[in-house]
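Scroll down for the structure; my scribbles are underneath it.
Chain identifiers are assigned alphabetically (A, B, ...) following the order of the sequence lines, protein sequences preceding nucleic acid strands; residue numbering begins at 1 within each chain. Model, not experiment: these values are computed from the prediction.
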Amino acid sequence: MTKSADSGQLKADGAPGGRESAPGLLSVAKTAGELYDSAADPLLANLNPEQRRAVLHEGSPLLILAGAGSGKTRVITQRIAWLVQRRGVDPERILAITFTNKAANEMKERVSSQIGLAARAAWVGTFHAMMLRILRRHSHLLGYDRSFSILDTVDQRRVLKEAMEKAKVSDKTVPIRQVQQQISSAKNKLIYPEEYAKEAGKDLQKQQLAEIYNYYQEELRQNNCLDFDDILALTVFLFEQQPQVLSYYQERFRHLLVDEYQDTNHAQYVLVRLLAAKHNNLFVVGDDDQSIYSFRGANLMNILDFRQDFPNCTVIRLEQNYRSTRTILAAANSVICLNEQRNHKTLWTEAEEGDKINFYRALDQNDEAVYVANQIRRLMSKSGAAMSGNEIGVLYRVNALARNLESALQDHGIAYRIYGGMRFYDRKEIKDIMAYLRLITEPSDDLALRRIINSPRRGIGATTLELLNQIAAREQQPLFEICRRAEEFPELSFAAGKIRLFVHLILDLQQVLSRDEIEFGFYVKQVTDDSGLKQEQTALLDKLPLEATTRIQNMDELVSDAMEFESRLTDELEELRQYPELQAEQEDLTMPLTLAQIAEAYLERVALYSDLDQADESDAVSLMTIHSAKGLEFDTVFLVGANEGLFPGEQSLYSREEIEEERRLAYVALTRAKRRLFITAARQRLLYGQTMYQKVSRFAREIPDDLVEEVGGSRHGDQFDADSVSIATWSRRSEDARYGAGYSFRRDFASADTAGGIAPGTSAGRRGTAFERTKNSLSRDEKRGLDYQQLAVGDLVRHERLGIGAIEKIVPFSGDAILVIRFKSGTKRFKASMSLLTRVED
DNA sequence: CCTGTTAATTTTTTT
DNA sequence: AATTAACAGG
């Protein structure tokens with residue numbers, strides 16, 4: 001399947017086409033940067049020689065091996081600015097790919113501040129977002145309708161389960177999770193069911209998988225759905241099958257920039273090769289030491305083999321670190337050095353030595369959390385040099401560790417924000433509403449229909465649904481079509497009335513959508529109301545007050561999120577209109593937006609974006625996994641849970657490759673810190689319902705002694721270092737403790753610890769969901785929000801980022817109100833109780 | 001057809 | 001520990 005990628009010939013001519021000759025400036029510089037007095041160019045002023053060489057590079061594919069904190073984002077943005085402003089490249093000929101939406105947003109913003117609104121015409125985004133954009137335009141060539149929907153992992157599991165039933169494979173013999181993983185990795189290698197079946201050969205297990213895979217893919221196709229991996233793989237197939245389409249994008253994207261190249265999987269690698277093949281203007285930035293996504297198919301070989309893949313390429317190393325102190329950098333270097341699979345780089349810095357790394361050996365997970373909270377409070381209240389919360393990041397290997405930290409921070413009154421975990425859009429109530437939107441915009445989406453036909457309860461249960469399924473299979477029509485014709489089928493007579501109500505609900509909502517008379521936010525509100533979802537929760541208020549309240553709040557939140565989304569979209573469009581020259585290629589944005597288009601755009605955003613992507617201005621300590629911290633930096637970093645079996649994880653202990661990946665993860669964690677680094681490990685830890693006894697992580701022990709200041713015990717030796725009893729590893733099996741005589745003494749030790757008067761940290765009771773608690777802690781500390789009843793049209797308010805604005809409109813709903821506010825920069829909408837606004841007295 | 005109960009399973013990391 | 005799936009009874 002790589003064949004066609006290879007057949008794309010790699011010409012070495014980087015010669016710019018006519019359209020690229022710069023206005024006035026330098027055709028000289030393209031052969032030799034020295035001929036041009038680059039030192040005087042303000043665009044290059046803040047770059048070191050290597051960075052400058054990278055920005056100016058021309059004529060061959062370029063690999064930049066950029067160590068952590070070496071200014072790679074700056075190099076990419078300056079490169080884009082350089083291309084546009086000095087080389088006269090049309091921004092719409094630039095495709096810049098990042099890995100997270102957050103990184104993409106940051107890049108867009110930085111580029112805009114350099115070159116202004118023209119940046120809008122460049123394509124900047126994640127692989128998934130960019131390829132999706134391409135797929136939407138050409139999906140009919142692959143047999144998908146333009147309005148296909150994207151399944152998330154949960155929906156995916158639903159479909160898989162059915163596929164397994166069809167293939168008569170019990171999910172007991174083969175866990176769904178594994179099937180999901182297998183299919184995903186096959187797709188990332190561009191292997192689709194047919195080929196998978198061929199490769200299976202006589203392997204019975206593989207044959208079964210192939211069958212499941214086949215059913216799964218069929219189901220997706222029938223429902224006009226793609227999963228995440230399809231987005232990449234189908235784009236590859238599109239390019240392979242439709243040379244004219246490929247050729248169009250090759251021509252269009254004369255300049256291709258890829259960030260975090262070390263995290264590309266095979267499909268992404270092929271995409272890069274295909275797109276760059278014609279003009280060869282490939283600009284790739286990566287750091288093999290920061291490759292941490294092999295579990296989702298990232299292939300480290302892509303960056304290690306770059307020289308072979310692009311024989312005439314140039315390699316530039318960025319080794320000067322601008323982020324961390326000497327101490328932190330030395331620690332990170334000494335850890336990563338122990339990996340064998342790497343391009344050798346040694347980061348250096350001119351920065352000062354800085355504080356030693358603080359290592360704390362905690363008693364248990366609560367003690368650990370309390371220690372972190374105390375340290376944070378100390379840092380934030382230091383007279384004269386008080387830090388603000390957003391300069392602090394708390395990082396951990398697995399999301400499960402966030403819980404203890406949460407309660408400790410709460411007890412200390414520290415505002416925090418948790419990233420990851422449950423996405424807002426993943427909540428049941430939200431997904432239900434999204435399923436309504438999907439069915440409304442795409443009536444053949446059976447998956448959406450099945451999700452909502454009985455949500456809220458309409459008395460259409462499994463029996464009826466089974467009947468519907470049978471008829472649909474017989475008639476070869478989507479479920480919704482069968483529902484519509486329910487009267488024609490006698491077997492449905494029992495449920496026909498209920499089905500008709502449902503069909504009318506959807507048809508009515510479709511009509512409202514196509515009439516296009518109300519704003520999108522209100523449309524979403526109408527969906528929540530008419531569907532009965534809201535009412536269902538209101539009815540539950542007496543029975544489950546806590547849950548129902550959150551759900552109602554979430555639905556309201558979704559309404560205002562939809563409003564904000566619309567206004568942001570319209571603002572963008574407005575800006576584009578002011579630059580007619582940008583419009584040529586933006587065909588999808590030149591028309592006035594209809595309600596249906598907004599709905600589709602919204603569904604798309606919800607599918608690809610996580611909460612992490614929203615830039616957050618509030619001043620709170622960040623809690624996140626190391627994975628999500630990549631690309632970020634904090635003045636002070638706490639790395640918690642530095643225990644063997646947790647980090648590195650238990651399942652990676654016996655594979656050298658996996659240990660190396662974990663070590664890279666450690667490297668990423670350490671290099672997030674600018675000035676101060678705290679590392680904590682617990683002697684014993686209650687996790688997943690079991691107490692385990694843990695050694696200090698090897699990564700903490702690999703840091704040279706002279707860089708570390710130890711508190712509460714040594715990093716070396718076992719967990720009971722006082723009497724140096726050697727216990728090889730912890731045990732997570734409770735029956736071990738019960739039955740194994742050899743284990744009983746562990747419990748004695750454990751109780752001795754607590755009986756010895758060392759009280760474990762206070763364990764706060766569980767209160768509500770993580771989401772809720774985050775919100776509470778913020779509102780308690782910040783007093784955000786306004787009471788709309790005390791506001792009037794014309795009042796002035798201040799927003800931290802947007803400045804002062806005037807209230808243009810107040811739209812009350814469900815005890816709150818949406819404020820429409822005109823700022824200098826444009827009109828924005830806020831939910832009054834949630835807004836970060838303060839009133840300005842005039 | 002729905003509800004409340006038990007039993008079982010889960011834990012890497014994310015677009 | 002906590003979420004989720006299966007299951008029996010109303």
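Listed by chain and number, the residues in a ring-ring contact (aromatic ring centres under 6.0 Å, His included) with A:Y261 are A:F306 (sequence neighbours excluded). Taking A:E162 as the reference, A:R450 meet the side-chain hydrogen bond (donor to acceptor under 3.5 Å, both in side chains) condition, with sequence neighbours excluded. Under the rule for a side-chain hydrogen bond (donor to acceptor under 3.5 Å, both in side chains), the partners of A:Y249 that lie at least two apart in sequence or sit in another chain are A:R137, A:H138. Judged as a ring-ring contact (aromatic ring centres under 6.0 Å, His included), and not counting sequence neighbours, A:Y667 has no contacts. By the side-chain hydrogen bond (donor to acceptor under 3.5 Å, both in side chains) test, A:R685 is found to be paired with A:E368, A:N643, A:Q694, residues two or more places apart in sequence or in another chain being considered. By the side-chain hydrogen bond (donor to acceptor under 3.5 Å, both in side chains) test, A:S531 is found to be paired with no residue, residues two or more places apart in sequence or in another chain being considered. For A:F148, there are no ring-ring contact (aromatic ring centres under 6.0 Å, His included) partners two or more places apart in sequence or in a different chain. Not a single side chain to side chain contact (heavy atoms under 4.5 Å, CB included) links A:Q535 to another residue, sequence neighbours left out. Under the ring-ring contact (aromatic ring centres under 6.0 Å, His included) criterion, A:F494 pairs with no residue at all, not counting sequence neighbours.
Distance A:L646 CG to B:dT13 C1': 12 Å, rounded to the nearest Å. Put simply, CG on A:L132 is 11 Å from C1' on B:dT15, counting in whole angstrom units. Separating the OH atom of A:Y667 from the P atom of B:dT13 is a distance of 24 Å, rounded to the nearest angstrom. Between A:E260 atom CD and B:dT13 atom C1' the separation is 15 Å, expressed in whole Å. Here B:dT15 presents its C1' atom at 18 Å from CD1 of A:I183, a figure rounded to the nearest Å. Per the geometry, CG belonging to A:D426 stands 11 Å off P belonging to B:dT15, to the nearest Å. Between A:F228 atom CZ and B:dT13 atom P the separation is 15 Å, expressed in whole Å. Between the CD1 atom of A:I97 and the P atom of B:dT15 there is a distance of 16 Å, given to the nearest Å.
Looking at residues 291-299 of chain A, you'll see A:Y293, A:F295, A:R296 sit with a heavy atom under 4.0 Å from some atom of DNA chain B.
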Output a table of nitrogen or oxygen pairs between the protein and nucleotides 6-10 of chain B separated by less than 3.5 Å.
none

N/O to N/O distances under 3.5 Å, protein versus nucleotides 3-5 of chain B:
residue : atom : partner : partner atom : Å
B:dT3   : OP2  : A:R457  : NH1          : 2.5
B:dG4   : OP1  : A:K543  : NZ           : 3.4

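The residue among A:H128 and A:L465 whose nearest nucleotide of DNA chain B is located toward the 5' end is A:L465.
Within the 4.0 angstrom heavy-atom criterion, only backbone atoms of the sugar-phosphate kind lie near A:T464; the bases stay farther away. Counting any heavy atom pair closer than 4.0 Å across all strands shown, A:G459 reaches sugar-phosphate atoms only and no base atom. Contact annotation for A:F99: backbone-only contact, meaning every heavy-atom pair under 4.0 Å involves sugar-phosphate atoms and none involves a base.
The CZ atom of A:R342 sits 10.5 Å away from atom CZ of A:R663, with the distance rounded to the nearest 0.5 Å.
Applying the 4.0 Å criterion to OP1 and OP2 of B:dC2, one finds that A:N454 has a side-chain N or O inside that range. At B:dT14, one or more side-chain N or O atoms of A:T625 fall inside 4.0 Å of OP1 or OP2 (strictly under the cut-off). Contact between the side-chain N/O atoms of A:K161 and the OP1/OP2 oxygens of C:dA6 is found at a separation under 4.0 Å. OP1 or OP2 of B:dT13 has at least one side-chain nitrogen or oxygen of A:N399 nearer than 4.0 Å. The phosphate of B:dT14 has OP1 or OP2 within less than 4.0 Å of a side-chain N or O from A:S628.
The closest side-chain donor-acceptor pair between A:D230 and A:Y144, if any, does not fall under 3.5 angstrom.
A perpendicular orientation is assigned to the rings of A:H128 and A:F228, their planes being inclined by more than 60° (bins at 30° and 60°).
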